[in-house]
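Worksheet: the structure to be examined is printed underneath.
Sequence lines set the chain letters: A, B, ... in the order given, protein chains first and strands last, and positions in each chain run from 1.
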Amino acid sequence: MQRRHFLLSTLALALGLSLPVAGRADDKPAVIRIGVASVGTGNRPVFGGSSVALANVKGVLEEEFKADGIKVEWNFFKGAGPAVNEAVANKLIDFAWQGDLPSLIGKAGGLKTRLLIADGTRGNAYLAVPADSTAKSIDDLKGRKVALFKGTNAQLVVAKVLDARGGLSERDFKSINMDGATTQAAIATKDIDAGWFGAEVYGLVDRGIARIVYTTKGQSPNLARQTHFLVTEDFEKKYPQITQRVVTALVKQAAWASDDKNREQVLQQWSKSGVPYSAWKLDYDGTPLRVRLSPLFDDYFVQHYRDALALSKKYKLVRGDVDIDTWLEPKYQRQALRDLKLEGYWPDNDAKGTPKK
Amino acid sequence: MQQHRYWLGAGLLALASAGHAAAPSNEELQKQIAALKKAVEALQQQLDQNAQASKAAPAVPAATAVAASDAAGAPATREDLQGVQADLENFKYQVQRDRDTATATSTRALNVGGTIQARAAYSTQNTSTPAATPAGVVNDRNSSFDVPTAILAFTGNLYKDYDEGRNLGYRLSAGASQQTASNNSFLNLLDAYLTYSVLPTIDPATPRLDVAFGQQLLPFGLEVPATEDLKPVILNAQFTTRLGLAQRQIGLIARGDFDPVVDYGYNYRAPLLSYAFGVVNGNGPNTSDNNSAKDWVGRLAFTVPSDYNSWWRQLTVGGSFYRGKANLFVPGSSTLVGTGDRVRYGLDVTYNHEPFGITYEYIQGRDDTPIGTTQANTKVASIKSDSHTATFFYNFGEQFVKGFRAQGRYDDWWPKSYQPFFRYDRFDPNTDKTSDESTVYTAGLNVFFAQTTKFQLNVNYTDDKAKSLSYSDFLAQFQFGF
């Protein structure tokens, strides 16, 4: 009798639990889940430096799928690229905006993803020290505490920068793994001797907190942080039409943002992330937006990922292998370019990053 | 217009600064007069323009006028600066006032937290308890509302090592808890210990070694060291209380790990070996040792080295021991006959691979037990006990995905999660005796609906062969932390 009580209760519990999770088979998803490997200042759910960021702020995808009743869910991860990988591994997102290194690590480790468009190429990296530091160069910081957000695309750029300086590596410094917000706070309190940053460094410089001692800005396109937009293989196989509509909407947004007559608006929109307008302006100074916001998988983009893979293996950041050519899925961006009549709109660069003639 | 404001501001500043100067030279006075002249001219021009504008167009609304004067490039006047200065003074005053009258401060860094449980329970087995006083009598109870756990905890650091992270920290907690022996008053001291990181903690790729001194949970198996807020099941496994392992003990315990696998691509760290070793009184919390023999506790766990995105992730096998001495008495009296062994061995396996997890613990106990009626005829027998505890759970939701729950959001967002589980818990107090074991089957559901709050629903079926009883309990509980 008592055992029957227990069994009945357990059955009721299991039945009750199964009701809310019983899925429905549909030709369209109820929700499109997007992961972003970035977060705004003070953990605000806004970011900058990409077309996807503009699509988020302007509600482009929400508008695209409004009539279909498909909800768009944005997830901004404080843990950046590694947190995106964690979410992909646990099947919690369908699309992601992410940097090159974490994506490579994920792909090499078995995550089933496809790259759809480039979004935010040729990003700069900055090494900054407290404003009153005596350090004036990378060499001055050997053996000292240097913060770096490991597992993000910054780690790969730093590896390249150091490697190019006589084969230096992270081991030549007291390298500390810190996320962006913590690094900003630590440089202000001088808990670290230096830190690697993106455009947000200019906010610290303007406030007299930090001083830049090295930057990749203006150097070889090979020394760049790259980001892209990807989809999980499961989602792409199940919903190719939805994937196409997402890509088309983003390519359309990239075209608007790449037009330099919209430059001020683009930078202003990005400043909603908390990184000031002046910082974006200085970071993008001298570079047409058409260059950095190109969605194309041109030779430069492809070669960058091949180089990234080789270097990641050299430094044992990646264990497995990745077939770059099959990882990239250009058919959606090609279709978007045809549909939007944007073929030839963006420069088609060679492997060195120079426009082909 | 802006130029006028500039000269006006410059003139006023020149005049103001003259008031602070000790003895201005003729040349300085000439400069000030020139600045004032320009300021007067600027004002005159402004008046003329305003007069013309008022003739040519209707009056400008006040808001527009303010907006125009706020145009980029307009110089700040002394009034503007005074306004900002006043705001800053007000802010400083308010901050200081709040700090003096409405801010909790401490000598060192302090984090205040706590865990509380509020429970409703129904049992098919009535409980009756006789007592010496009317207040202690329980008369055929089959349901009750309870607050079984209410803990207030303080943690912080006493010394922070900025260079290498060899920090000195502390934890103090007090309250009512199932895991304390004496639950007779509201605030019992639970944790009270000091920790020191012997090895650097800055780089996740290096091994760890922490030493804790004071009153703390034992590093034995899986369930014993888990704090109240981490346990999936409402009631503790039987062995934790019946073998005395759930009690906090006072002593020195070192915990560390070796050869960690760090997968930066997922911000995942898993040490190949983790270990703990310590010496404690063995007499429970909030009391001195009751003999000179010290009890020893240790644990060694091996985690399969793997990347995060591997099926081998978080597969751990561990072994634990506890070895000590207990005072022995003539049964039913306080006549001491010596000390006897109190030994525990444990073997555990964990496979916690989101979204599901399986844990299994086997515990074996050996206790020297006196048998006799007088000190002269009392003999010591060794009684062996054992326990098997297995739990299976499945997570619907993102509660346990570390990177996912750390999101940038405007509101008080937290991923809602549902965790159904099943636990098998069997304890045999004397393996040489038949039909004295007790088995508890638990089916349950944890609903995580806010960052530190969960709702727990447990259905227990107990088959107690020693008492020849079988019954069911239904427990519903909110557990919340702050």
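Chain B forms more heavy-atom pairs under 4.5 Å with one residue of A/Gly106, A/Pro45, A/Ala83 than with any other, namely A/Pro45. With respect to chain B, the highest number of heavy-atom pairs below 4.5 Å among A/Ile105, A/Leu111, A/Ile176 belongs to A/Leu111.
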Checklist entry - Does the pair A/Val46 and B/Tyr410 meet the rule for a side chain to side chain contact (heavy atoms under 4.5 Å, CB included), with working shown? => result CA-CA 10 Å; A/Val46 187; B/Tyr410 283 128; 3.5 Å; yes

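Residue B/Asp473 does not touch chain A at all, counting heavy-atom pairs closer than 4.5 Å. Looking at B/Asp307, the atoms closer than 4.5 Å to chain A (heavy atoms on both sides) all sit in the side chain, from C-beta outward. Contacts of A/Lys150 with chain B are made by both backbone and side-chain atoms, with heavy-atom separations under 4.5 Å.
Annotation: side chain of A/Asn177 is not in contact with side chain of B/Ile202 (no heavy-atom distance under 4.5 Å). The side-chain heavy atoms of A/Pro82 and B/Tyr264, taken from C-beta on, include no pair separated by under 4.5 Å. Taking 4.5 Å as the limit, every side-chain heavy atom of A/Lys78 sits out of range of all side-chain heavy atoms of B/Gln407. No side-chain heavy atom of A/Asn90 sits less than 4.5 Å from a side-chain heavy atom of B/Phe404.
Nearest heavy atom pair, residue A/Arg319 against residue B/Val262, reads NH2-O, 4.5 Å.
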For residues 310-318 of chain A, which side-chain N or O atoms pair as donor and acceptor with protein atoms under 3.5 Å away, sequence neighbours left out?
residue	atom	partner	partner atom	Å
A/Ser312	OG	A/Ala308	O	2.6
A/Lys313	NZ	A/Asp321	OD1	2.9
A/Lys313	NZ	A/Asp321	OD2	3.4
A/Lys314	NZ	A/Asp163	OD1	3.2
A/Lys314	NZ	A/Asp163	OD2	3.3
A/Tyr315	OH	A/Asp163	OD1	2.8

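Here the side chain of B/Asn309 pairs no donor or acceptor atom with the backbone of A/Ala89 at under 3.5 angstrom.
Annotation: ring-ring contact (aromatic ring centres under 6.0 Å, His included) contacts of B/Tyr268 (sequence neighbours excluded): B/Tyr308.
Expressed to the nearest 0.5 Å, how far CZ of B/Arg409 lies from CG of A/Asn43 amounts to 12.0 Å.
Contact check on A/Lys174 versus B/Asp203 returns no salt bridge, with no Lys/Arg side-chain nitrogen under 4.0 Å from an Asp/Glu carboxylate oxygen.
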